[in-house]
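The structure appears right after this line, and notes come after that.
Residues take their numbers from the sequence shown, with the count starting at 1.
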Amino acid sequence: MAHELKISKTNDSPRHNLPLDSEEIWQARADLAACLRMAARLGLEEGICNHFSAVVPGHPDLFIVNRLGWAFQEATASSLLICDFEGNIVVGDGVPEATAFYIHARLHKMSPRVGAAFHTHMPNATALSMVEGEPLVWAGQTALKFYGRVAVDENYNGLALDESEGDRIASVLVEKDILFMKNHGVMVCAPNIAEAWDDLYYLERAAEVQLKAMGSGRRLLPVLPAVAAEAARQMREGDPESARLHLESIRRVLDRQAPEYRD
């Protein structure tokens with residue numbers, strides 16, 4: 001299902017001479033590779049078709065993304081690509097998957113607040129994108145992390161193989177962080193890689209327990225809106241630091257078990 005990016009390059013220029021080998025940029029590449037690896041371990045990817053991206057530190061017009069044809073579990077810091085918004089590969093061998101480019105390039109360009117964007121067809125959250133009504137029912141504490149932060153794209157329009165579809169998806173997200181793409185999957189957007197990973201992980205957990213509860217055949221018991229809003233506020237206050245620690249923990253696990261992600 002993956003598609004190779006075929007685009008008429010408009011800029012083969014000076015970007016190739018940019019200093020993109022700083023320690024900060026390499027760390028971002030390693031962090032993104034760690035998230036891809038851990039997502040694979042948790043079954044959150046789908047073959048070679050899903051994609052994570054992050055804005056290059058210090059270069060808001062460039063983004064890091066995984067390459068076409070590589071499974072999440074194969075990701076390494078050096079295998080990731082740095083691209084511009086016109087489709088030029090600035091650093092790396094290979095090309096991005098076409099839908100990865102058209103979704104992520106347009107999203108980062110239209111929404112500069114989005115420092116990292118993780119798109120998956122992870123099973124439980126995707127299952128909730130396939131049912132009528134709002135995807136999340138605010139009945140579990142984990143779900144409350146996302147209260148007031150969810151947008152829903154109700155109009156599945158096939159594969160994102162041109163800029164217009166990427167623009168349409170970005171326009172639905174607006175100022176929200178989580179996009180349920182009906183009949184498709186989810187997009188998690190955050191200021192940085194750590195918070196994107198944290199939200200991706202807990203979104204799938206929230207979806208999993210909701211589906212288990214729905215499968216009981218008994219009526220779900222939502223939390224009162226005022227309580228949900230307050231719980232969400234409490235969680236958001238601690239989210240940046242919690243997310244940083246969460247990312248550090250997966251790096252420690254991978255440093256012991258699969259340290260080649262840093263290569």
Side-chain angles (χ1 to χ4, degrees), residues 20-59 62-67 70-82 91-92 100 104 114-125 140-146 149 177-178 185-209 234-263:
L20 297 172
D21 56 355
S22 70
E23 184 176 343
E24 185 182 16
I25 292 174
W26 188 260
Q27 186 61 60
R29 293 173 68 138
D31 286 347
L32 197 61
C35 292
L36 289 160
R37 289 276 185 131
M38 189 56 72
R41 288 179 170 225
L42 298 176
L44 306 185
E45 89 288 29
E46 186 167 72
I48 58 170
C49 294
N50 294 171
H51 19 88
F52 291 2
S53 68
V55 172
V56 175
H59 300 274
L62 300 175
F63 66 101
I64 310 165
V65 67
N66 49 307
R67 62 184 290 179
W70 285 46
F72 279 17
Q73 64 184 301
E74 299 180 273
T76 63
S78 61
S79 76
L80 302 180
L81 307 175
I82 294 180
V91 175
H104 292 259
V114 176
F118 291 5
H119 171 58
T120 73
H121 302 162
M122 53 191 188
N124 294 291
Q141 177 170 287
T142 303
L144 299 182
K145 175 177 170 66
F146 307 103
R149 302 173 58 206
D177 303 317
I178 310 299
V186 293
M187 177 73 77
V188 172
C189 298
N192 54 60
I193 294 170
E195 290 183 61
W197 167 256
D198 197 59
D199 277 350
L200 186 83
Y201 174 85
Y202 286 110
L203 182 65
E204 180 68 353
R205 296 291 289 177
E208 181 181 7
V209 295
Q234 293 170 330
M235 291 184 195
R236 291 300 287 159
E237 283 184 351
D239 267 353
E241 177 62 7
S242 181
R244 184 186 68 78
L245 294 173
H246 193 178
L247 180 57
E248 283 189 357
S249 76
I250 70 168
R251 288 202 307 253
R252 286 194 300 272
V253 170
L254 292 173
D255 284 342
R256 291 193 300 270
Q257 300 176 4
E260 66 273 12
Y261 83 93
R262 289 185 172 274
D263 295 343

Closest approach of Arg251 and Ala34, non-hydrogen atoms and distance? CG-CB, 4.2 Å
Answer yes or no: is there a donor N or O on one side and an acceptor on the other, between the side chain of Arg37 and the main chain of Ala75, under 3.5 Å? yes
Do His104 and Phe63 have ring centres separated by under 6.0 Å? no
Looking only at heavy atoms, what is the nearest atom pair of Ile64 and Ala28, with distance? CD1-CB, 4.0 Å
What do you reckon, is CZ of Arg205 surrounded by more than 12 foreign heavy atoms closer than 6.0 Å? no
Identify the residue among Lys145, Arg244, Arg236 that makes a salt bridge (charged side-chain N to carboxylate O under 4.0 Å, His left out) with Asp198. Lys145
So for atom CD, which belongs to Gln73, do other residues, nucleotides or ligands contribute more than 12 heavy atoms lying within a distance under 6.0 Å? no
Where do Cys35 and Leu247 come nearest, in terms of heavy atoms and distance? SG-CD1, 3.8 Å
Is the backbone N or O of Asp239 less than 3.5 Å from a side-chain atom of Ser242, with the two atoms forming a donor-acceptor pair by type? no
Aromatic ring proximity Phe52/Phe72, centre distance under 6.0 Å: yes
If I compare all heavy atoms of His51 with all of Asn66, which pair ends up nearest, and what's the gap? CA-OD1, 3.3 Å
Where the side chain of Thr120 meets the backbone of Asn50, is there a donor-acceptor pair that is under 3.5 Å apart? no
Can you see which heavy atom on His59 is nearest to which on Val55, and at what distance? O-CG1, 3.7 Å
Step by step, work out the side-chain contact (heavy atoms from CB on, under 4.5 Å) result for Phe118 and Ile193. CA-CA 9 Å; Phe118 291 5; Ile193 294 170; 4.2 Å; yes
Minimal heavy-atom distance between Leu32 and Ala54, with the atoms involved, is CD2-N, 4.3 Å
Any carboxylate oxygen within less than 4.0 angstrom of a Lys/Arg side-chain nitrogen, looking at Asp255 and Arg252? no
Expected output: side-chain Glu204 to main-chain Ala125 donor-acceptor under 3.5 Å: yes
